[in-house]
**Q** 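Please find one structure pasted underneath; my questions will follow.
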Amino acid sequence: MTENTQHQNSSVPEPELPKTYAPAEVEGPLYERWVDRGYFAADAKSEKSPYTVVIPPPNVTGSLHLGHAFEHTLIDALTRRKRMQGYETLWQPGMDHAGIATQNVVERELAKEGKSRHDLGREAFVERVWQWKGESGGQISGQMRRLGDGVDWERERFTMDEGLSQAVKTLFKKLYDDELIYRAERIINWCPRCLTAISDIEVEYQDDDGELVSLKYGDGDETVVVATTRAETMLGDTAIAVHPDDERYKHLVGKLIKLPLTDRSIPVVADEHVDPEFGTGCVKVTPAHDPNDFEIGQRHNLPNIAVMDEHAVITAHGPFQGLDRLEARSAIVAALRAEGRIVAEKRPYTHSVGHCSRCKTTIEPRLSMQWWVKVGPLAKAAGDAVRDGQVKIHPQEMEKRYFDWVDNLHDWCISRQLWWGHRIPVWYGPNGEVVCVGPDDEEPTGEGWTQDSDVLDTWFSSGLWPFSTLGWPEQTESLEKFYPNSVLVTGYDILFFWVARMMMFGLYAMDGTPPFHTIVLHGMVRDQFGKKMSKSFGNAVNPLDWMDKYGSDALRFTLARGANPGVDVPIGEDWVQGSRNFANKIWNATRFALMNGATVEGELPPAERLSATDRWILSRLNSVVAEVDAYYEDYQFAKLSDALFHFAWDEVFDWYVELTKTTFQEGGQAAEDTKRVLGEVLDVTLKLLHPVVPFVTETLWTTLTGNESLVIAEWPKDSTFRDEAAEREIETLQQVITEVRRFRSDQGLQPGQKVPARLTLDGTALAPHEAAIRQLLRLQPEGEGFAATATLPVSGATVALDLSGTIDVAAERKRLAKDLAAAEKEITAANAKLTNEAFLAKAPDHVVDKIRGRLTKAEADIERIKGQLDALPAA
RNA sequence: GGGCGCGUAGCUCAGGGGUAGAGCGUCGCCCUUACAAGGCGAAUGUCGGCGGUUCGAAACCGUCCGCGCCCACCA
């Protein structure tokens, strides 16, 4: 880009900044400029130390919600700071194909046209999904640009793209060859609507009302009563189970019992699984439709009789054939009742029922041939990496959850009966051959060979994300440079789905190197009342709406400021407004500085020459640099944002800027020095703020310094300059001003009203600040006929005001009396402590000193207040 | 049934053995030459209840009450 076009495209206003910050005009062009200049591109050949964060890939099917905006703000802040610190920084972007979710969305689209995916056929359907992905994915990257996400767009990846598909095949093959992937027939969680198996964590349990009925099985002397909430499965019962030690039923074990409504008889078996205390102590066993029953069946060699098809419709011959599971349930209960076999009913009976996390349909446990990952060794390694301290989880409380999960994990069902996803790379031959095809292998051709029709769980490919995005299995420069990732930032809600899987696959595929060293788990975004955001509840917000209204910086700052570790983040529009106000405040403070000749040119003046005011703000500035750094290292986004907010607004923009006005008016060397200090303070403050509010700071900083961009500016270092004396001096100054302001306000004086005053500051720390005090308090020279009607002693100095007899003595007495009482109470409390020997003996010195200091201050306050009372004219 | 966490100002939340904090909201005065998206000033809490430890508890311990989340093969 030439100088000329750069200037034309520049959205950065010339030094004449408008009165109000208008984010909409600035943000878009700024972002594109950052990208065009390649600031976010990560160079694998760089000599710099790497800093890598992968985006938790959003589902390609959606658009970003506030939760994404939150997560991206945190990642962007982290990576922007590291970039400024001189790291070769990669924020890896991309999206997830989100198998079942995306397939469902596209199927719904098709349904609107009155079609099903079967009308299109597999190939055409998948083509259709790709088409959908094109549209939807564009929306997401558009939102990310609006947010200001500093990702390396050149490296954008998609879990279904060619390279990542190769990675998936490679890992599958490796796991298969290591016998960590196998195929087996088991009870799986089946969604009768999505028509696929899903894994254990894709099942959401909730308490549903059901009906517990007790059924009498058998005839004559040999009867048992079993309780069930799923009467329809009785058609598939193949045993009755009792506890081996249950005396009541010992005589029945091994006997056959007549199964009602059928012509079958089923054995009574003894199994430890049965709880003799529950119900009658007898359990009906339906191995084909219940995971526990399946286990019992395995132990006792029971047959599996499936009585339902994939739609959960009864297939068993007889009167119930063709009914779905709920219809069948009531029909069967009715039929049993007619036979007098219902001995008890309990309704409603609340029990936990599994639902498909995608469509909320009740899960049907189903016996089915599926592919599994044997998680034992993988999960062990994933747990150990955290136990060893190789990988740290923030906040630490989350480690417990992590361990509970990885230490008690069942094998992972990875096959899905879907069309959208990575097809399982296994081929079956005409003579029963099974061949797992690796990425470099030829696919078998010829008569009778077919590929497995299932696809992989979407989390299989996202489990490879930290290295597949870097080119694995190829040994690329990027992989070498940017693996392992530095930190993972994601929500605690996908700790198991995603984080644990990345840990397992990363450690396995990358020879024991964990995918990242730190896991930062953030909370969920909620509305301003702490309620979960959801479309159906009507409180969901499109981040674009708020960005349009208040600017991206405002949204980002609000989110960052709410980011306490691992805790949910409430957000309301009012709060975003508040952050917009902050951005505008930054804008105007910088505008003031520019109008008054603040500069970053040249060395800072030597401390000896600077006023206490300048030394104070520089001292505070350095403290804040140190504070912000410490918070970043601990991922305390709320703390660092809050610290910056208060430092910038309260200390710099209010006190310091106000104090510089007097200096600038007076001119001379002091004013020149202050211009430089003000420039310095803004320079550093804008840098500190930039990772969180990149747009407004970039605009202002480039104007202030004339430099190219804050994105590539150097992160501030604590120069270690501190001046506690100056800090105390300015504190005293603030006290005086606040005290007199309060008096003025209590007296009903208008803020602008000038009051004649006599200041007695000699011998106090306030002596050099007379001009500032007069300016900030609107105090006139005493002039002719000055008569002090109120004298305020503060910190050894006095401020005498001539209110020309208009003083409200009663109001002032009342207020002073209140203050006096408070101070006396303080003295009593402090004295009680200081005469308490146990306290003096045991309390640490700094606490005792603090109490002494408090006593001294209270005594001084009393003196001051008494002085003020004495100075009041009689009523 | 296990585990984790929370109850602090009207709302949302920090804090965490040594004088109760922030943002927003509220009240009063003011368009003071950076900013009314602003300035200045003010009010507001038995820190869920009860016990205990301690010189000192909102903070630590116990217990109770209320709330949230995670895990679990209670038929």
Side-chain angles (χ1 to χ4, degrees), chain A residues 17 19-21 187 201 205 212 226-230 241 273-275 277-280 282-286 290-295 351-352 365 397-398 400-401 404-405 408 410 492-493 495-496 524 526-530 550 554 558 561-562 564 566-572 574-575 577-596 638-639 642 645-646 653-654 657-658 661 737-738 741-746 748-754 775-776 778 822 825-826 829-830 832-833 836-844 846-848 850-851 854 857-858:
Chain A
L17 299 176
K19 252 176 104 168
T20 302
Y21 174 52
I187 293 275
I201 48 173
Y205 287 89
L212 185 71
V226 298
T228 184
T229 54
R230 303 212 51 203
H273 169 77
V274 180
D275 174 7
E277 303 295 315
F278 188 92
T280 59
C282 298
V283 184
K284 64 192 273 303
V285 181
T286 323
D290 182 278
N292 292 315
D293 293 4
F294 180 74
E295 298 292 324
H351 61 140
S352 185
E397 302 89 82
M398 289 289 178
K400 183 99 172 67
R401 276 191 199 187
D404 283 350
W405 198 71
N408 298 295
H410 295 281
Y492 63 71
D493 58 328
L495 180 61
F496 306 147
M524 305 294 113
R526 293 170 173 270
D527 76 6
Q528 60 195 309
F529 304 110
Y550 306 111
T558 309
R561 210 170 168 205
N564 288 116
V567 177
D568 289 350
V569 190
I571 184 170
D574 288 351
W575 310 355
Q577 235 173 67
S579 300
R580 183 270 315 261
N581 296 354
F582 179 49
N584 191 53
K585 188 75 183 176
I586 302 171
W587 181 267
N588 274 296
T590 309
R591 204 171 138 238
F592 166 86
L594 290 167
M595 289 165 70
N596 285 281
K639 298 268 172 54
D642 205 55
F645 177 85
H646 285 292
F653 303 158
D654 283 345
V657 161
E658 289 305 320
K661 286 179 181 173
I737 289 169
T738 303
R741 275 175 177 165
R742 186 159 78 135
F743 175 81
R744 288 185 56 122
S745 176
D746 287 348
L749 294 176
Q750 297 199 339
Q753 188 179 328
K754 297 262 168 51
Q775 166 137 345
L776 289 174
R778 316 286 149 186
K825 200 174 151 194
E826 179 68 30
K833 291 238 170 193
N836 181 335
E837 287 183 20
F839 169 76
L840 291 173
K842 296 192 178 180
H846 74 272
V847 173
V848 179
K850 215 166 154 184
I851 305 276
R854 231 189 283 159
K857 185 181 176 298

**Q** Within the structure shown, what part of the strands sits under 4.0 Å from Y21(A) by heavy-atom distance: base, sugar-phosphate, or nothing?
**A** base
**Q** Name the nucleic acid region contacted by K842(A), choosing base, sugar-phosphate or nothing; use a 4.0 angstrom heavy-atom cut-off, strictly under.
**A** base
**Q** What is the nucleic acid contact for F582(A), judged by heavy atoms within less than 4.0 Å: base, sugar-phosphate only, or nothing?
**A** nothing
**Q** So if I take every side-chain heavy atom of H351(A) and compare against A14(B), C11(B), A75(B), which nucleotide ends up nearest?
**A** A75(B)
**Q** Tell me the interatomic distance from Y492(A), atom OH, to G68(B), atom P, rounded to whole angstroms.
**A** 13 Å
**Q** If you check the I851(A) side chain, which of G18(B), C29(B), A34(B) turns out closest?
**A** G18(B)
**Q** Assess whether one donor atom and one acceptor atom, taken from the side chain of K585(A) and the base of C35(B), lie less than 3.5 Å apart.
**A** yes
**Q** Within the 4.0 Å heavy-atom criterion, would you say T738(A) contacts the bases, only the backbone, or no part of the nucleic acid?
**A** sugar-phosphate
**Q** For H646(A) and G21(B), what is the distance between atoms NE2 and C1' respectively, to the nearest whole Å?
**A** 9 Å
**Q** For G38(B) and N581(A) - does any side-chain N or O of the residue sit under 4.0 Å from the phosphate oxygens OP1/OP2?
**A** yes
**Q** Expressed as a whole number of Å, how far does the C1' atom of C13(B) sit from that of U8(B)?
**A** 9 Å
**Q** With heavy atoms under 4.0 Å as the rule, sort N596(A) into base, sugar-phosphate or nothing.
**A** nothing
**Q** Work out how far the C1' atom of G52(B) is from that of G68(B), and round it to whole angstrom.
**A** 28 Å
**Q** In whole Å, measure the gap between the P atoms of G41(B) and U46(B) for me.
**A** 26 Å
**Q** Between Y492(A) and D568(A), is any side-chain donor less than 3.5 angstrom from a side-chain acceptor?
**A** yes
**Q** Closer than 4.0 angstrom, basic N to acidic O: yes or no for D746(A) and R742(A)?
**A** no
**Q** With Watson-Crick and G-U wobble geometry limited to distances under 3.5 Å, how should the secondary structure of RNA chain B be encoded in dot-bracket form, using | for bases paired to another strand and [ ] for crossing pairs?
**A** ((((((((.[[[[.)..(..]]]].(((((.......))))).....[[[[[..)....]]]]])))))))....
**Q** Determine the interatomic distance between C1' on C24(B) and the same-named atom on A58(B); round to the nearest Å.
**A** 23 Å
**Q** Between D654(A) (CG) and C40(B) (P), how many Å, whole number?
**A** 5 Å
**Q** Which one, C35(B), A75(B), C29(B), comes nearest to the side chain of V283(A)?
**A** A75(B)
**Q** Which part of the nucleic acid, if any, lies within reach of P570(A) when heavy atoms closer than 4.0 Å are counted: base, sugar-phosphate only, or nothing?
**A** sugar-phosphate
**Q** Between G7(B) and G15(B), how far apart are the two P atoms, rounded to whole Å?
**A** 9 Å
**Q** Please determine, for the side chain of N588(A), which listed nucleotide (C35(B), G3(B), U12(B)) has the closest atom?
**A** C35(B)
**Q** Give me the distance, rounded to whole Å, that separates C60(B) from C47(B) when you measure between the C1' atoms they each carry.
**A** 15 Å
**Q** So, is K661(A) close to the A34(B) phosphate, meaning a side-chain N or O under 4.0 Å from OP1 or OP2?
**A** yes
**Q** Look at all strands and tell whether N584(A) reaches a base, only sugar-phosphate, or nothing, counting heavy atoms closer than 4.0 Å.
**A** base
**Q** With sugar-phosphate meaning primed atoms plus P, OP1 and OP2, does K639(A) contact a base, only sugar-phosphate, or nothing at under 4.0 Å between heavy atoms?
**A** sugar-phosphate
**Q** What's the closest nucleotide to the side chain of F839(A) if the choices are U19(B), G3(B), C55(B)?
**A** C55(B)
**Q** Once you round it to whole Å, what is the distance between C1' of C13(B) and CG of D642(A)?
**A** 11 Å
**Q** On RNA chain B, does the nearest nucleotide to H273(A) precede the nearest nucleotide to V657(A) from the 5' side, or the other way round? Give the residue.
**A** V657(A)
**Q** Quick one: list whatever passes side-chain contact (heavy atoms from CB on, under 4.5 Å) with D493(A), sequence neighbours left out.
**A** M524(A)
**Q** Quote, to the nearest angstrom, the C1' distance that separates C11(B) from G49(B).
**A** 24 Å
**Q** How many Å lie between CD1 on I737(A) and C1' on U32(B), as a whole number?
**A** 15 Å
**Q** Any base atoms under 4.0 Å from Q750(A), or only sugar-phosphate, or nothing? Heavy atoms, all strands.
**A** sugar-phosphate
**Q** Ignoring hydrogens and angles, tell me if any N or O in the side chain of R741(A) forms a donor-acceptor pair with the backbone of P751(A) under 3.5 Å.
**A** no
**Q** Between G2(B) atom P and K400(A) atom NZ, what is the distance in whole Å?
**A** 13 Å
**Q** When the P atoms of U54(B) and C64(B) are considered, how many whole Å apart are they?
**A** 23 Å
**Q** Quick one: label E658(A) by what it contacts on the DNA or RNA (base, sugar-phosphate, nothing), any heavy atom closer than 4.0 Å.
**A** base
**Q** Measure from the side-chain heavy atoms of R561(A) and tell me the nearest of G18(B), A75(B), G23(B).
**A** G23(B)
**Q** Given 3.5 Å as the limit, does a donor-acceptor pair link the side chain of N408(A) with the main chain of D404(A), or not?
**A** yes
**Q** The side chain of R778(A) is closest to which nucleotide in this list: A75(B), U32(B), G5(B)?
**A** U32(B)
**Q** Which residue lies toward the 5' end of RNA chain B, A589(A) or N836(A), if each is placed at its nearest nucleotide?
**A** A589(A)
**Q** Hey, what's the ring geometry for F582(A) with F653(A), parallel, tilted or perpendicular (30° and 60° as the breaks)?
**A** tilted
**Q** Is the phosphate of U32(B) approached by K754(A) (side-chain N or O, under 4.0 Å from OP1 or OP2)?
**A** no
**Q** With sugar-phosphate meaning primed atoms plus P, OP1 and OP2, does R580(A) contact a base, only sugar-phosphate, or nothing at under 4.0 Å between heavy atoms?
**A** base
**Q** Would you mind reading off the distance between K857(A) atom NZ and G18(B) atom C1', rounded to a whole angstrom?
**A** 17 Å
**Q** If you check the K19(A) side chain, which of G41(B), A36(B), C30(B) turns out closest?
**A** A36(B)
**Q** Pick base, sugar-phosphate or nothing for D275(A), based on heavy-atom distances below 4.0 Å to the nucleic acid.
**A** base
**Q** With a non-hydrogen cut-off below 4.0 angstrom, is R401(A) in contact with a base, only sugar-phosphate, or nothing?
**A** base
